[in-house]
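Presented below is the structure to which this report refers.
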Amino acid sequence: MKQPDSPKSPARRAVLKTALAAGVALANPLGALAAAPPGFDQWRDNFRARAQAKGISDATWNRCMGRVEPDMSVFKQMRNQPEFREQIWQYINRRVSDWRIIHGREALKKNDALFGRIERDFGVERGTLLALWGVESAYGDPLVQQNHMTPVFPSLAALAWNEPRRKAYWETELINAMKIVQRGWSTPEEMNGSWAGAMGHSQWMPEVWLNVGFDYDGDGKVSPFGRPDDALGSTAKYLVNRGKWHRGEHWGYEVRAPGGNASGSRSYAAWASAGVVRADGQPFPQPNASAQLWIPVAGGPAFLLGPNFNSVKSYNPSMNYALAICHLGDRCLGGPPFIQPFPGSERALTLAEVQEMQTRLTKAGFDTGGTDGRVGNDTMKAIKDYQIKMSLLPADGYGGLKVLARLRQGG
């Protein structure tokens, strides 16, 4: 999914890798930029019977599909997903950004009672859950909805009609989106999401909301939008049920690992006996819990990873993603940056530095999509285009100290 700060079950991740794709919510949430292309109206008339066979009422159909026009921009976005080859330290820096840390602490303060309740009910650490929320939807920021989301029904209608490779999948998700409306969980006007239909605080596809979401705030419906209670409670339940979350255990720790060649799972006490110690010098609080050693890059930080790191991986099967989530959670709770730097890495830019970089790029003619300090695909594309123009290598789209220094020189 496209990252707003700037990024689940297999079906979820297959379409969410680029969620929050570029686009602006349309003035008419159920309309499109042009009249329906030839063939769409006939497809829609034929599809109505299939939707009704799946339990969609006439009233729901009319609300969701009666006047919908396909958002044909989804096909361009599907074909032209930006590709950026990030080193792990760049990946971490962009997701564990100053913006996310600052706003994560504010979101935690605002929702402290909710996180406390989730910890009691499910045992999921507030830091991890907060970080997932921050990476997936920028803590439900309404500006993300406004500036980076598009109406779900025009997008899914276009894909269900004219995307041949996964036509059955998109048709099913379109019906699932109508089921959400029919159940009273949301409205067609409220349902803005990625080009692929992912939506809400946790950026789930309609199928996932229907099968994983549950009514955590007790108001009789599952709400992808609005209050975050249902989304965060459902995410915690997901981590417990699918990810096998271990109550009371931390995800792991940065360590110093002489040799660094040991493998397999053993207790923290056994690791300590083998000379592996926490990088901050503190003792392991649960010496009998188990962990595995991971060194992502030779010469960089090493980690002992407990079972809850794998629980985060159940949400997105990427080691880098899971490390970013776990580290962001720690930082939001007051933890420090990694003690051992990655080889060749730069420190992450501050919020003010990111805003300065975006402002300078925009003035130089490279549209960053805003100057709010969040680095998403728009900003990364602007950086890459600037790097190419200025012959800055590698032209990788990463906005760090080197790019900012060159911008300050007036290039």
Side-chain angles (χ1 to χ4, degrees), residues 1-2 8-26 28-37 39-57 60-79 81 137 145 148-183 185-200 202-213 222 224-225:
M1 68 178 60
K2 177 181 174 184
K8 303 177 177 177
S9 62
R12 179 173 181 267
R13 288 311 308 176
V15 293
L16 294 190
K17 290 172 68 177
T18 50
L20 303 187
V24 179
L26 306 177
N28 176 1
L30 297 183
L33 297 178
F40 176 78
D41 288 341
Q42 182 179 357
W43 170 85
R44 179 173 54 189
D45 291 342
N46 293 333
F47 185 64
R48 180 171 188 163
R50 295 201 293 278
Q52 290 173 327
K54 296 294 184 180
I56 299 302
S57 69
T60 299
W61 174 269
N62 291 332
R63 288 183 67 192
C64 300
M65 295 289 291
R67 292 175 297 169
V68 76
E69 304 292 353
D71 182 357
M72 302 304 290
S73 70
V74 298
F75 299 105
K76 181 180 179 181
Q77 296 182 62
M78 180 181 287
R79 290 191 304 268
Q81 294 307 315
S137 70
Q145 300 289 325
H148 299 281
M149 302 282 190
T150 54
V152 164
F153 283 102
S155 297
L156 289 179
L159 292 164
W161 165 55
N162 209 30
E163 205 290 294
R165 293 171 300 173
R166 303 182 67 202
K167 187 176 181 66
Y169 171 80
W170 296 116
E171 288 185 348
T172 299
E173 284 294 22
L174 179 55
I175 291 173
N176 287 334
M178 285 187 271
K179 288 181 179 179
I180 288 175
V181 173
Q182 187 159 287
R183 293 183 183 185
W185 293 1
S186 189
T187 66
E189 295 76 20
E190 185 181 42
M191 289 171 65
N192 289 339
S194 76
W195 65 264
M199 60 185 180
S202 50
Q203 280 298 284
W204 283 350
M205 292 297 292
E207 181 271 336
V208 183
W209 281 108
L210 289 172
N211 293 292
V212 177
V222 178
F225 304 95

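- The closest side-chain heavy-atom distance from Lys54 to Thr172 is not below 4.5 Å.
- The minimum heavy-atom distance linking Met199 with Pro206 is given by the pair CE-CG, 4.4 Å.
- Taking the six-membered ring where tryptophan is involved, the planes of Phe40 and Trp161 are perpendicular, since the angle between them exceeds 60° and thus also 30°.
- When every heavy atom of Val68 is checked against every heavy atom of Arg44, the shortest pair comes out as O-NH1, 2.5 Å.
- Among residues two or more places apart in sequence or in another chain, the ring pair (Phe, Tyr, Trp, His ring centres under 6.0 Å) test is passed with Trp185 by none.
- The backbone N or O of Ala158 lies less than 3.5 Å from no partner atom in the side chain of Asn162, so there is not a single donor-acceptor pair.
- In this structure the side chain of Leu156 never reaches within 4.5 angstrom of the side chain of Met191, judged on heavy atoms.
- Here the side chains of Asn176 and Lys179 are in contact, with some heavy-atom distance below 4.5 Å.
- Shortest non-hydrogen contact noted between Gly200 and Ser137 is O-CB, 3.8 Å.
- Contact of the Thr187 side chain with the Arg63 side chain is registered, since non-hydrogen atoms from C-beta on lie closer than 4.5 Å.
- When the side chain to side chain contact (heavy atoms under 4.5 Å, CB included) test is applied to Glu163, the partners found at least two apart in sequence or on another chain are Phe75, Met78, Leu159, Arg165, Arg166, Trp170.
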Determine whether Arg183 and Trp209 satisfy the following criterion, side chain to side chain contact (heavy atoms under 4.5 Å, CB included), listing intermediate values before the conclusion. CA-CA 12 Å; Arg183 293 183 183 185; Trp209 281 108; over 6 Å; no
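- Within the model, atoms CZ of Arg67 and CE of Met65 stand 13.0 Å from one another, a figure rounded to the nearest 0.5 Å.
- Atom CZ of Arg48 and atom CH2 of Trp43 lie 13.0 Å apart (nearest 0.5 Å).
- Residues Ala51 and Ile175 come closest through the heavy atom pair CA-CD1, 4.1 Å.
- Contact detail for Phe153 and Leu174: the closest heavy-atom pair is CD2-CD1, 3.7 Å.
- At least one donor-acceptor pair closer than 3.5 Å links the side chain of Ser194 to the backbone N or O of Ala198.
- Counting only heavy atoms from C-beta outward, the side chains of Pro151 and Asp71 never approach each other to under 4.5 Å.
- Residues meeting the salt bridge (charged side-chain N to carboxylate O under 4.0 Å, His left out) test with Arg50, sequence neighbours left out: Glu171.
- Side-chain atoms of Ser73 and Trp195, non-hydrogen and from C-beta on, never get closer than 4.5 Å to each other.
- For Gln182 (side chain) and Ser57 (main-chain N/O), a donor-acceptor pair under 3.5 Å exists by modelled atom type.
- Here the closest heavy-atom approach between residue Lys167 and residue Ala160 is recorded as NZ-O, 2.8 Å.
- Within 6.0 Å of CD in Gln42 there are 12 or fewer heavy atoms belonging to other residues, nucleotides or ligands.
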